[in-house]
Amino acid sequence: MAGGWSRDGAVNEQIEASVADELARLKARPAPVGESLAECAECGEEIPEKRRRALPGVKLCLDCQQERDGRFQARPGINRRGSKDSQLK
């Protein structure tokens, strides 16, 4: 499938590059380290033993972690295609 000025397969390459960038960003996040807390750092509820063993260094209970993960964080996007005007210059 050709798309304007792009060569065949360019759209798939852009999608794959975006997915690879996102995976690299997620892998670069620091993992919790140290000893797990027995109580949640935010709400004070007890953190279950299974969660503490599964995630060494965990500081939040499951409810607080889900709430934190659910918050929207806007990140700047990357325009890989650029505008047609920029390609004509």
Side-chain angles (χ1 to χ4, degrees):
M1 174 179 98
W5 298 97
S6 63
R7 65 185 187 290
D8 288 344
V11 174
N12 286 338
E13 289 174 7
Q14 291 170 2
I15 293 170
E16 290 171 4
S18 295
V19 170
D21 288 348
E22 186 66 14
L23 287 174
R25 187 187 69 80
L26 290 173
K27 288 179 182 177
R29 290 173 58 183
V33 293
E35 190 174 329
S36 297
L37 296 179
E39 295 179 353
C40 178
E42 289 189 8
C43 70
E45 290 289 323
E46 182 181 353
I47 300 174
E49 179 66 29
K50 288 182 179 181
R51 179 168 169 77
R52 290 187 302 213
R53 280 189 275 136
L55 297 169
V58 71
K59 308 289 185 218
L60 301 175
C61 67
L62 190 58
D63 291 336
C64 290
Q65 186 66 53
Q66 286 177 337
E67 182 181 327
R68 182 177 281 187
D69 290 345
R71 293 182 193 148
F72 176 76
Q73 296 178 357
R75 294 189 328 271
I78 298 173
N79 183 358
R80 295 185 184 282
R81 281 186 85 168
S83 67
K84 288 186 178 180
D85 292 338
S86 66
Q87 295 173 3
L88 296 174
K89 291 181 181 179

Quiz item: Do you know the tightest heavy-atom contact between Ser36 and Gly57?
Solution: OG-N, 3.0 Å

Quiz prompt | Heavy-atom neighbours of Glu42 CD exceed 12 at 6.0 Å | solution = yes

Quiz item: Yes or no on side chain to side chain donor-acceptor pair (under 3.5 Å) for Glu16 and Asn12, after CA distance, side-chain angles and deciding distance?
Solution: CA-CA 6 Å; Glu16 290 171 4; Asn12 286 338; 5.9 Å; no

Quiz item: Rounded to the nearest 0.5 Å, how far does CG of Leu60 lie from CD1 of Ile47?
Solution: 7.0 Å

Quiz item: What distance do Leu62 atom CG and Cys40 atom SG have between them, rounded to the nearest 0.5 Å?
Solution: 10.0 Å

Quiz item: Got Gln65 and Arg51 here, is their nearest side-chain heavy-atom distance under 4.5 Å?
Solution: yes

